[in-house]
Engineer: 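Here you go, one structure.
Below, each value reflects all heavy atoms present in this structure, side chains not excepted, and no hydrogens, waters or symmetry copies. Proteins come first, then strands; the chains are lettered A, B, ... in the order of their sequence lines, and each starts at number 1.
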There are 2 protein chains.
Amino acid sequence: MLKNHIGRKPLMFPKPTLERLKLYYALLLTENKDYISSDEIAKRLKITPEQVRKDISHLNITGKPKVGYHIPSLLGELSELFGISVTDNIIIVGAGGLGSALARYKGFEKIGVKVVAIFDNDSEKIGTFVGELMVLPLSDLQRVVKRFKVRIAAICVPEESAQEVTDLLVEKGIKAIWNFAPAILHVPSGILLENEDITRGILSIKHMLDKKG
Amino acid sequence: MLKNHIGRKPLMFPKPTLERLKLYYALLLTENKDYISSDEIAKRLKITPEQVRKDISHLNITGKPKVGYHIPSLLGELSELFGISVTDNIIIVGAGGLGSALARYKGFEKIGVKVVAIFDNDSEKIGTFVGELMVLPLSDLQRVVKRFKVRIAAICVPEESAQEVTDLLVEKGIKAIWNFAPAILHVPSGILLENEDITRGILSIKHMLDKKG
DNA sequence: TAAAAATTGTAAGAAATTTTTCAAATGTTG
DNA sequence: CAACATTTGAAAAATTTCTTACAATTTTTA
C-alpha cells in the first residue's frame with residue numbers, strides 16, 4: 001500500500017491496483033462512449049470485472065447499476081490521481097537514438113508532460129536540433145531547471161555515464177529520475193527513481209515463450 | 001504463480017519474484033566479484049535480504065553461509081530462466097524515432113536478442129538504412145519471418161495502425177508482440193503480448209511526486 | 001407499476017506474497 | 001581448536017491482494 005496524507009477517501013492504493021488504473025486510463029482515452037461497465041473494461045484487459053470494480057472503488061467515483069461508470073468522470077479522477085492536469089516540464093539527458101526518439105514522442109501532451117530541453121555532452125551534437133529543441137550542453141542544466149521549474153529528468157545516456165549524470169541532476173535540484181539506461185542507479189533518499197530498462201520487457205517474453213505457451 | 005511443466009525444481013515463480021530476478025540479473029552483470037551476499041544485493045536494490053534469499057531459493061542454486069552466492073552460477077541460472085542462452089531473432093515494425101532507436105539499441109546482444117529486420121509502410125523510408133539494416137516494406141514480412149524463424153516482433157507504429165499491424169504479424173506466424181504503441185491491443189489466445197508503453201513509467205513518477213515525497 | 005434483468009458495491013473468505021524468526025552451516029579470530 | 005560473527009535456508013506468522021458471493025440499485029419490459 002502507498003499511504004497518502006490528505007483525507008477525502010482512503011487514498012491508499014495497492015501497487016498492483018495502481019498499475020491497473022494506468023491501464024484503465026489508457027483504455028478510456030480511446031473510448032468515445034459516455035459509460036462503460038466493469039465487465040467491458042475487464043474483457044478488454046483480460047482481467048475480472050470484480051477486480052475492476054474493486055480498483056475503481058478506491059476512487060471518488062461511483063458507478064450506476066445497469067449502466068456502468070461515467071467515462072469522463074472516471075478519466076477525471078484518474079487524471080487527478082496521476083497528476084495529469086498539472087503539466088510537468090521535463091528534460092532529457094542524452095541526445096542519442098533513444099533520447100531523440102523520446103524528445104519527439106507525441107504521447108506526452110495528453111498526460112501532462114512537456115519536454116523543455118535535451119542535453120548532451122558531445123560537442124558534435126550540441127547545437128543540432130531534435131524536433132524543435134536545440135541540443136544543449138550540460139553547463140546549461142542549472143539555468144534550465146530553475147527557469148522551467150523542472151522536477152523530472154529522463155536519462156538516456158550510456159550505462160557507464162548514467163550514475164554520473166544522475167548525481168549531477170540531483171545536485172541541480174531534480175526530484176525524479178526516469179532512467180532509460182540499463183544500469184542500477186543510486187539516488188539519495190527523497191529522490192524518486194523509476195527504471196524503464198527496456199530489456200526487462202523482452203526478458204519476460206523470452207521467459208514465457210520458452211517456459212510456457 | 002506461473003506454472004511450468006519441466007521437472008528439476010518447483011519452477012513456479014510468483015510474478016513479483018520474476019520481476020526482481022530480472023533486476024538481480026541486471027545487477028550481477030555489472031559485478032565482477034566471485035560471490036555476493038543476499039545482504040549486498042538487497043542494499044543495492046533497496047529491498048530486504050530475506051526477500052532476496054527467498055527469490056533465489058526458487059533457483060537451482062545454493063548459497064554458502066558466510067560467503068554468499070556464487071555470481072557466475074547465479075547468472076547461469078538466471079540466463080537459463082530467461083532463455084538468454086538461446087538467441088531470438090526479432091523484427092521491428094515502424095522505422096520512426098522509436099523503432100530506429102530500438103534497432104540501434106546496444107543492449108540486446110547480452111540478453112540473447114538480435115534484430116534481423118525493420119519494416120515500414122512509408123515509401124520514403126523503405127530502402128533507407130537504420131544502422132546496418134535496410135528498412136523493408138511489409139510485403140517482405142512473411143519471407144523474413146520464415147527465413148529467420150522470428151517469433152517476436154516489436155511494434156513501434158502510431159497508435160492508430162497498431163492493431164492492424166498486430167493482426168498482420170500474428171497472421172504471418174509471430175508468437176509474441178512487444179508493443180511500444182500507446183494502444184490496448186488484442187491478440188488471439190496463445191499469442192503473447194507485452195506492453196511497453198513508456199507513458200506508464202512517467203505516470204508513476206507524477207503520481208508519487210504529487211502524492212508523496 | 002410490478003417483475004425481470006443487468007450491474008454496482010462490499011463483506012467475507014481464499015490465496016499469494018512478504019516479513020519475521022531462528023536453527024544450521026561456514027568462515028574468522030584469538 | 002574453541003568461541004564468535006556472519007550468512008543461508010526454511011518454517012511460521014503477518015500482511016496484502018484477489019476471488020467469491022450476494023445484497024442493493026437502477027433500467028427495461030410487460
Engineer: Assess whether atom CD of E164(A) is packed by more than 12 heavy atoms of other residues, nucleotides or ligands within 6.0 Å.
Structural biologist: no

Engineer: Determine, for E40(B) against K43(B), whether the closest basic-nitrogen to carboxylate-oxygen distance falls under 4.0 angstrom.
Structural biologist: no

Engineer: Nearest to the P65(A) side chain among dT7(C), dT17(D), dG9(D), which nucleotide is it?
Structural biologist: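 Between dT7(C), dT17(D), dG9(D), the one nearest the side chain of P65(A) would be dT7(C).
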
Engineer: Between T199(B) and D197(B), do the side chains contain a donor N or O and an acceptor N or O under 3.5 Å apart?
Structural biologist: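 Side-chain D/A pair, D197(B) to T199(B): present.
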
Engineer: Take atom CD1 of I61(A) and atom P of dT7(C), then tell me their distance rounded to the nearest Å.
Structural biologist: 17 Å

Engineer: Would you kindly give the CG-to-C1' distance between D55(B) and dT17(C), to the nearest whole Å?
Structural biologist: 10 Å

Engineer: So, OP1 or OP2 of dG9(C): does either fall under 4.0 Å of a side-chain N or O from T62(A)?
Structural biologist: yes

Engineer: Heavy-atom contacts under 4.0 Å between residues 25-39 of chain B and DNA chain D, which residues?
Structural biologist: S37(B), S38(B)

Engineer: Closer than 4.0 Å, any side-chain N/O of R53(B) to the OP1 or OP2 of dT18(C)?
Structural biologist: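 No, R53(B) has no side-chain N/O under 4.0 Å of OP1/OP2 on dT18(C).
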
Engineer: From the options dT7(C), dT17(D), dT18(C), select the nucleotide whose nearest atom is closest to the side chain of K66(A).
Structural biologist: dT7(C)

Engineer: Between P16(B) and K64(A), which residue's closest nucleotide on DNA chain C lies nearer the 5′ terminus?
Structural biologist: K64(A)

Engineer: Give a yes-or-no answer on whether the side chains of S204(A) and K22(B) include a donor-acceptor pair shorter than 3.5 Å.
Structural biologist: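 Side-chain D/A pair, S204(A) to K22(B): present.
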
Engineer: Answer yes when E19(B) and K15(A) have at least one side-chain N-carboxylate O distance shorter than 4.0 Å, and no when they do not.
Structural biologist: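 No, no charged N to carboxylate O under 4.0 Å.
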
Engineer: Any side-chain N or O of Q51(A) under 4.0 Å from OP1/OP2 of dT19(D)?
Structural biologist: yes

Engineer: Has R20(B) got a side-chain N or O lying under 4.0 Å from the OP1 or OP2 atom of dT18(C)?
Structural biologist: yes

Engineer: If every non-hydrogen atom of E77(B) is compared with every non-hydrogen atom of I61(B), which pair is closest and at what distance?
Structural biologist: CG-CB, 4.2 Å

Engineer: Taking atom P of dG9(D) as reference, at what distance in whole Å does atom CG of N60(B) sit?
Structural biologist: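 Value for this atom pair: 12 Å.
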
Engineer: The side chain of K54(A) is closest to which nucleotide in this list: dG27(C), dT19(D), dT27(D)?
Structural biologist: dT19(D)

Engineer: Rounded to whole Å, please give me the gap between CG in L18(B) and P in dT17(C).
Structural biologist: 11 Å

Engineer: Side chain of P14(B): nearest nucleotide among dT17(C), dT27(D), dT19(C)?
Structural biologist: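 Side chain of P14(B) sits closest to dT17(C).
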
Engineer: Salt bridge between K106(A) and E160(B), side-chain N to carboxylate O under 4.0 Å?
Structural biologist: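 Here K106(A) does not pair with E160(B) in a salt bridge, since their nearest N and O are not under 4.0 Å apart.
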
Engineer: From NE2 of H58(A) over to P of dG9(C), roughly how many Å is that when rounded to an integer?
Structural biologist: 13 Å

Engineer: Between atom NE2 in H70(A) and atom P in dT27(D), what is the gap in whole Å?
Structural biologist: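 Answer to the nearest Å: 14 Å.
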
Engineer: Starting at atom CZ of F13(B), determine the distance to atom P of dT18(C), rounded to an integer number of angstrom.
Structural biologist: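 Rounded to the whole Å, the gap is 14 Å.
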
Engineer: Separation of E19(B) atom CD from dA16(C) atom P, in whole Å?
Structural biologist: 18 Å

